[in-house]
Number of protein chains: 2
Amino acid sequence: MAYRETEKMRQRKAEARKRIVDCTYQCVAEGGFRSARVTRIAGLAGVATGTIYRHFESREDLFAEIFRLATQREVDKVAEALASDGNAAERLERALRQFAERALKGPQMAWSLIAEPVDPKVEEERLAYRKAYANLFEKAIREGIEEGCIPDQDARQSSTCLVGAIAESLVGPLSPTQTSQATSTTEDNNDPLVNSIICFCMQGLTGTRR
Amino acid sequence: MAYRETEKMRQRKAEARKRIVDCTYQCVAEGGFRSARVTRIAGLAGVATGTIYRHFESREDLFAEIFRLATQREVDKVAEALASDGNAAERLERALRQFAERALKGPQMAWSLIAEPVDPKVEEERLAYRKAYANLFEKAIREGIEEGCIPDQDARQSSTCLVGAIAESLVGPLSPTQTSQATSTTEDNNDPLVNSIICFCMQGLTGTRR
């Protein structure tokens with residue numbers, strides 16, 4: 001009997017945790033980390049505020065988990081694009097384009113992941129994930145150098161240039177202060193923006209005018 | 001009499017403020033914002049901890065001021081390099097190279113300004129200053145397009161690519177976790193690193209293989 005009750009409690013606890021995580025994710029996607037107040041999350045998740053602190057040591061720990069969840073999804077997408085068909089330069093271009101397009105389709109969440117001023121604890125995650133992106137790009141650049149479609153270069157350094165260029169160039173267009181402008185932009189209108197970022201990145205890598 | 005005393009008090013207050021700012025600057029340059037504890041700053045400045053809070057509302061406000069002071073110095077240096085001789089492409093290359101070299105010569109402060117996880121209040125300053133760099137680069141790119149030494153492109157977007165590429169590619173080399181490695185590096189040994197960053201940036205801008 002005691003065992004079965006414990007199992008039930010565990011399950012209930014896991015469900016509450018999942019609801020807290022889902023509702024926090026939703027809050028951040030709608031208004032950024034800044035607007036994700038613990039009382040609001042608790043209300044949405046249907047739990048007491050204190051329950052949140054039984055699952056997460058602090059608001060920052062909860063946010064760090066949301067950051068990891070959302071960013072890992074993007075890292076996986078980049079890895080997927082880099083594992084697709086074509087030579088390394090084509091795959092890199094596809095991965096960069098997809099990253100930018102996905103960001104522009106979910107601008108609030110993308111801005112929160114890329115640039116929103118956050119607590120140092122969440123910022124640590126951001127630094128770690130930038131390394132994860134760079135590692136993926138570095139591997140693809142090395143493959144491109146071997147294949148001969150990318151000129152010989154310091155693949156590690158170029159990978160961080162790519163990460164910086166694509167992230168920073170999206171900060172302005174994604175910024176919530178430009179949201180009215182961004183939301184009025186149709187998908188097609190993002191093309192020139194994405195194209196100019198990709199152009200810079202691929203020229204930087206290959207030294208070939210596009 | 002009353003007037004002269006007030007003047008003296010004002011002067012003493014200004015001197016104390018300056019000492020607090022100078023000592024905070026020194027602490028950050030030595031060990032980053034994280035290590036700059038208010039008690040330590042007060043000790044170095046020879047004031048009571050409470051005095052610091054008479055001059056700055058919070059530790060974050062004090063840090064934001066240090067951030068502005070230190071970053072404005074670098075922005076001015078970039079502006080200076082962009083106003084020097086040569087065509088716009090040459091001036092941009094000079095400005096980027098100088099930025100990277102100055103960062104690698106003062107790696108702890110540069111890391112704190114570029115990448116150290118900081119309070120959102122300081123992070124806001126970082127976002128603002130990235131825009132200041134981008135504005136300078138954008139102007140130079142426009143000049144280069146007019147001069148014909150840089151191909152036609154979205155100058156605004158390319159300027160943010162430059163800011164991102166140079167900042168992100170310095171994060172790893174400047175990181176305190178790599179400090180033992182960085183400090184053992186002589187100035188000359190930074191050349192390949194700086195060269196590879198500049199190569200990516202200038203290729204990105206011009207599409208011409210270097």
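None of these values were measured; they are calculated from a predicted model. Chain letters run A, B, ... following the sequence lines, proteins first, then strands; residues in each count from 1.
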Test item: Phe137(B) and Val78(B) side chains (from C-beta on) under 4.5 Å apart, heavy atoms: yes
Contact winner vs chain A - Ala165(B), Cys201(B), Ser159(B), Ala167(B), heavy-atom pairs under 4.5 Å: Ala165(B)
Winner by heavy-atom pair count (cut-off under 4.5 Å) against chain A, out of Pro151(B), Ala134(B), Cys199(B), Ala115(B): Pro151(B)
Members of residues 50-58 of chain A whose heavy atoms come closer than 4.5 Å to chain B: none
Structural part of Leu205(B) lying under 4.5 Å from a heavy atom of chain A: both
Residues of residues 120-130 of chain A contacting chain B, heavy-atom criterion under 4.5 Å, by residue number: Pro120(A), Glu123(A), Glu124(A), Leu127(A), Arg130(A)
Aromatic ring pairing Phe63(B)/Phe33(B), orientation class (parallel under 30°, perpendicular over 60°, tilted between): tilted
Any Val21(B) side-chain heavy atom under 4.5 Å of Arg17(B) side chain: yes
Polar side chain donor-acceptor pair, Gln72(B) to Asp76(B), under 3.5 angstrom: yes
Spacing of Asp154(B) atom CG and Ser196(A) atom OG [to the nearest 0.5 Å]: 4.5 Å
Gln157(A) side chain near Ile197(B) side chain, heavy-atom distance below 4.5 Å: yes
Nearest atoms (heavy-atom pairs only) where Leu96(A) meets Ile166(A): O-CD1, 3.3 Å
Minimum side-chain heavy-atom gap Arg210(B)-Ile198(B) below 4.5 Å: yes
Under 3.5 Å: donor-acceptor pair, side chain of Glu147(A), backbone of Ala88(A): yes
Side chain to side chain, Asp61(B) and Glu65(B), heavy atoms closer than 4.5 Å: no
Chain A contact via Ser158(B) - side chain, backbone, both or neither, heavy atoms under 4.5 Å: both
Check: Arg156(B) and Asn135(B) side chains under 4.5 Å, non-hydrogen atoms: yes
Member of Leu136(B), Asn87(B), Thr206(B), Leu82(B) meeting the side chain to side chain contact (heavy atoms under 4.5 Å, CB included) criterion with Leu92(B): Leu82(B)
Residue, of Gln203(A), Gln153(A), Arg34(A), that accumulates the most heavy atom pairs under 4.5 Å with chain B: Gln203(A)
